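It should be emphasised that the depicted structure is a prediction, and the values quoted were computed from it without experimental measurement.
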Amino acid sequence: VDVLVGLVGSHAPGAREPVVLRTLAESYGLLRQPAEAAAVYVAAAESDPRNAEWAREAVLWYERAGDAKHAAEWATRAEMLGGG
């Protein structure tokens with residue numbers, strides 16, 4: 001997981017590819033750290049504010065983490081982007 005975190009946090013080519021984000025988020029999920037998985041998609045969404053898919057993924061992971069407040073905030077954002 002640490003290697004993937006470093007990659008996503010870098011400006012390396014492919015760091016924000018969907019497969020990289022999904023692998024990292026799923027890794028956190030397997031480690032029972034859904035809030036960390038949500039943070040992966042939040043960082044990606046903040047780097048590309050028009051990407052509704054990443055906002056939706058943040059919602060799903062926040063829901064899995066039991067964080068209704070952040071899930072609702074990101075659901076609103078995803079909906080505004082046309083991805084709700």
Could you give me the CA-CA distance, side-chain angles and deciding distance for Tyr62 and Val42, then say whether side chain to side chain contact (heavy atoms under 4.5 Å, CB included) is met?
CA-CA 10 Å; Tyr62 274 129; Val42 166; 3.6 Å; yes
Val40, Trp54: one ILVMFWY side-chain cluster at the under-4.5 Å cut-off?
yes
Are Tyr28 and Tyr41 grouped together when hydrophobic residues (ILVMFWY) are joined by side-chain heavy atoms under 4.5 angstrom apart?
yes
If I compare all heavy atoms of [X] with all of [Y], which pair ends up nearest, and what's the gap?
| X | Y | value |
| --- | --- | --- |
| Ala55 | Leu81 | CB-CD1, 4.5 Å |
| Pro34 | Ala65 | CG-CA, 3.6 Å |
| Ala25 | Ala37 | O-CB, 3.5 Å |
| Asp67 | His70 | OD2-ND1, 2.7 Å |

Which residues pass the side chain to side chain contact (heavy atoms under 4.5 Å, CB included) test with [X], not counting sequence neighbours?
| X | value |
| --- | --- |
| Glu26 | Arg22 |
| Thr76 | Met80 |
| Ala39 | none |

Mind checking whether Pro49 and Arg77 have side chains closer than 4.5 Å, heavy atoms only?
yes
